[in-house]
Amino acid sequence: MDKLISLDTGLIFWTWTTFLIVLFILATKAWKPMVAALVRRQQSIAEALSAAEKAREETAAMSARYEEQLQAGRQEAQQVLSVARAAGEKLRSEIESAAQAQAESIVSKAREQIEAEKRKALAEVRATVVDLSLTIAGKVLERSVTSADNKKLAEESLGQIGEA
Amino acid sequence: MTLQDHSEDIGQVIIHHVANSDVLFPLFIFGFDISITKHVIMLWIAGVVVITGFLVGSRQYRHELNPVPRGFSNFLEAVVEFIYKDIATPNLGAAHAARWTPFLLTFFTLIFTANILGMIPIFDLIPGSGTATGNFNVTAALAIVTFFAIIFAGSREHGFIGHWRNMAPPGMPWPVLFILIPIEILGMFVRPFALTMRLAANMTAGHIAMLAILAPIFLLANPWIGIGSVALNVGISFLEIIVALVQAYVFTLLSAVFIGAAIHPEH
């Protein structure tokens with residue numbers, strides 16, 4: 001039993017020796033590089049994450065800006081369209097009124113022409129009627145009424161008729 | 001022979017199996033006895049296994065800036081990361097964790113390897129116990145390393161005098177110090193002593209239990225008991241694997257806690 005709890009200084013010495021040898025060899029050759037790699041990896045992951053976050057924010061800002069620009073463009077297009085529409089409307093009404101005026105002038109001109117033609121035709125009719133009535137009267141009186149005086153008389157009477 | 005005689009024999013057999021061997025190679029340096037026993041050899045084997053394993057597994061860490069570990073290296077990295085992130089960082093603080101991680105890793109890997117080696121029956125070819133960490137001299141030596149590491153860590157952080165002054169928190173009424181200082185001094189020695197006993201007793205207990213379970217076969221001279229004994233011991237062996245891991249973890253964790261307490265006495 002005493003063997004189980006006896007002091008063994010040699011074993012203590014070898015324990016320390018083994019511990020220190022393992023510590024010194026592995027601390028320099030294995031564990032420091034491994035811990036350094038772990039720390040580096042942690043840092044690079046953290047950096048990558050923050051970079052991704054930054055990129056995401058930038059994208060969001062950019063998309064907001066594009067949205068804004070799009071909105072402005074849409075508004076401008078709307079404005080341009082309404083201006084164009086108003087101009088078109090104005091032009092249309094102008095053309096319409098011009099056409100109206102032109103048509104009216106054509107109609108009035110035609111009316112004047114008709115009036116003149118009518119007057120001319122009436123004069124012709126009147127002359128013809130005078131000749132015809134003189135002829136008829138001559139035939140009735142069985143004598144020729146050709147003298148200028150008679151013609152004048154007839155025209156006067158016709159004029160009276162016309163005036164009546 | 002009577003049952004009484006048998007039981008005395010069995011007691012001797014159990015002691016023989018859990019105690020260190022006799023001196024295998026006597027060795028003296030400057031009149032100092034450093035003779036080679038089985039536990040010394042087991043410690044060497046554990047040291048060689050740990051050093052070889054980690055040197056092989058960490059090759060790409062020495063050659064590459066950003067290694068991508070695979071297989072065995074990945075496993076070793078998980079061990080290193082566990083000690084670094086889950087033991088060193090929470091107990092020592094992020095600023096000190098990287099410095100103390102190799103120290104804690106030496107504890108963890110060496111103790112765990114020695115614990116597991118003690119479970120491999122091939123080493124029974126040499127007489128004596130195969131579990132070096134079941135020997136109080138080994139665990140005491142490791143606990144003394146922790147003892148000095150605590151003083152070293154405290155002195156490095158607060159100065160040699162500052163470390164001792166941390167035993168008495170400032171703003172304490174002076175009569176309290178008469179109680180507090182003896183308690184602190186006692187605690188300084190009790191902590192490593194507890195580390196020593198816990199590890200050695202745990203590693204020895206499993207072996208004693210297994211031998212005791214096998215003993216009835218010989219005590220009662222009935223081979224049929226062997227069926228039950230072996231089945232039970234298989235179960236205990238699985239339990240011992242967990243105990244080997246847990247005790248290595250506990251020793252490392254408590255060392256980290258004590259060192260952390262010396263660095264951050266306010267907690």
Side-chain angles (χ1 to χ4, degrees), chain A residues 1-70, chain B residues 11 15-16 18-20 22-23 27-29 32-37 39-40 43-44 46-47 50-51 54-55 57-67 69 73 76-77 80-81 83-85 88 97-98 101-103 105-107 109-110 132 135-142 144-145 204:
Chain A
M1 192 66 190
D2 59 334
K3 205 176 163 191
L4 207 58
I5 51 170
S6 61
L7 182 69
D8 184 350
T9 49
L11 187 53
I12 292 176
F13 166 79
W14 284 117
T15 304
W16 285 340
T17 311
T18 311
F19 182 89
L20 290 178
I21 289 172
V22 172
L23 177 61
F24 279 114
I25 291 180
L26 288 186
T28 51
K29 292 285 176 192
W31 290 331
K32 275 177 187 162
M34 286 175 95
V35 171
L38 282 176
V39 170
R40 255 199 314 275
R41 193 180 306 153
Q42 193 176 1
Q43 277 171 353
S44 76
I45 289 171
E47 275 166 20
L49 280 177
S50 74
E53 180 63 21
K54 213 171 128 191
R56 200 189 60 78
E57 276 168 13
E58 266 172 20
T59 311
M62 206 176 275
S63 114
R65 212 156 53 230
Y66 278 145
E67 189 62 36
E68 212 169 88
Q69 280 175 355
L70 203 68
Chain B
I15 293 297
H16 176 74
V18 295
N20 199 354
D22 297 323
V23 171
L27 193 65
F28 292 88
I29 290 182
F32 192 70
D33 181 10
I34 53 163
S35 301
I36 310 304
T37 57
H39 282 169
V40 174
L43 267 178
W44 287 349
V50 169
I51 290 172
F54 270 93
L55 281 185
S58 67
R59 192 180 300 134
Q60 56 172 327
Y61 292 89
R62 288 193 292 279
H63 300 303
E64 293 169 39
L65 207 59
N66 285 306
S73 292
L76 293 185
E77 190 192 287
V80 172
E81 188 173 11
I83 301 293
Y84 176 59
K85 292 234 171 94
T101 298
F103 178 80
L105 270 165
T106 309
F107 273 139
T109 54
L110 206 56
N135 189 316
F136 290 98
N137 291 291
V138 173
T139 57
L142 293 173
I144 290 167
V145 172
T204 308

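The sequence lines fix the lettering, A, B, ..., with proteins before strands; numbering per chain opens at 1. From a predicted model like this one, the values you see are computed outputs, not experimental measurements.
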Which distance, rounded to the nearest 0.5 Å, do you find between the [atom1] of [X] and the [atom2] of [Y]?
X: Thr37(B); Y: Trp14(A); atom1: OG1; atom2: CH2; result: 10.5 Å
X: Phe136(B); Y: Ile12(A); atom1: CZ; atom2: CD1; result: 12.5 Å
X: Met34(A); Y: Gln60(B); atom1: CE; atom2: CD; result: 9.0 Å

Could you tell me whether the side chain of [Y] reaches within less than 4.5 Å of the side chain of [X], counting heavy atoms only?
X: Arg41(A); Y: Glu81(B); result: no
X: Val145(B); Y: Thr15(A); result: no
X: Ile51(B); Y: Ile21(A); result: yes
X: Leu105(B); Y: Leu26(A); result: no
X: Leu11(A); Y: Leu43(B); result: yes

- Look at the aromatic rings of Trp31(A) and Phe54(B) and report parallel, tilted or perpendicular, splitting at 30° and 60°. perpendicular

- Looking at Pro33(A) and Tyr61(B), what are the two nearest heavy atoms and their distance?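 The pair with the smallest heavy-atom distance is CB-O, 3.7 Å.
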
- Gly47(B) and Thr18(A) have their tightest heavy-atom pair at CA-CG2, 4.2 Å

- Which atoms of Leu23(A) approach chain B - backbone, side chain, both or neither, heavy atom under 4.5 Å: both

- Item | Under 4.5 Å from a heavy atom of chain B, the part of Phe19(A) involved |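 For Phe19(A), heavy atoms of backbone and side chain both lie under 4.5 Å from chain B.
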
- Would you say Gln69(A) has more than 12 foreign heavy atoms packed within less than 6.0 Å of its CD? yes

- Arg59(B), CZ atom: more than 12 neighbouring heavy atoms under 6.0 Å: no

- Where does Ile144(B) contact chain A at under 4.5 Å (heavy atoms): side chain, backbone, both or neither?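 Just the side chain, heavy atoms under 4.5 Å.
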
- Interface moiety of Thr139(B) toward chain A, non-hydrogen atoms closer than 4.5 Å: neither

- Picking from Thr106(B), Ile83(B), Leu142(B), which has the most non-hydrogen pairs under 4.5 angstrom with chain A? Thr106(B)

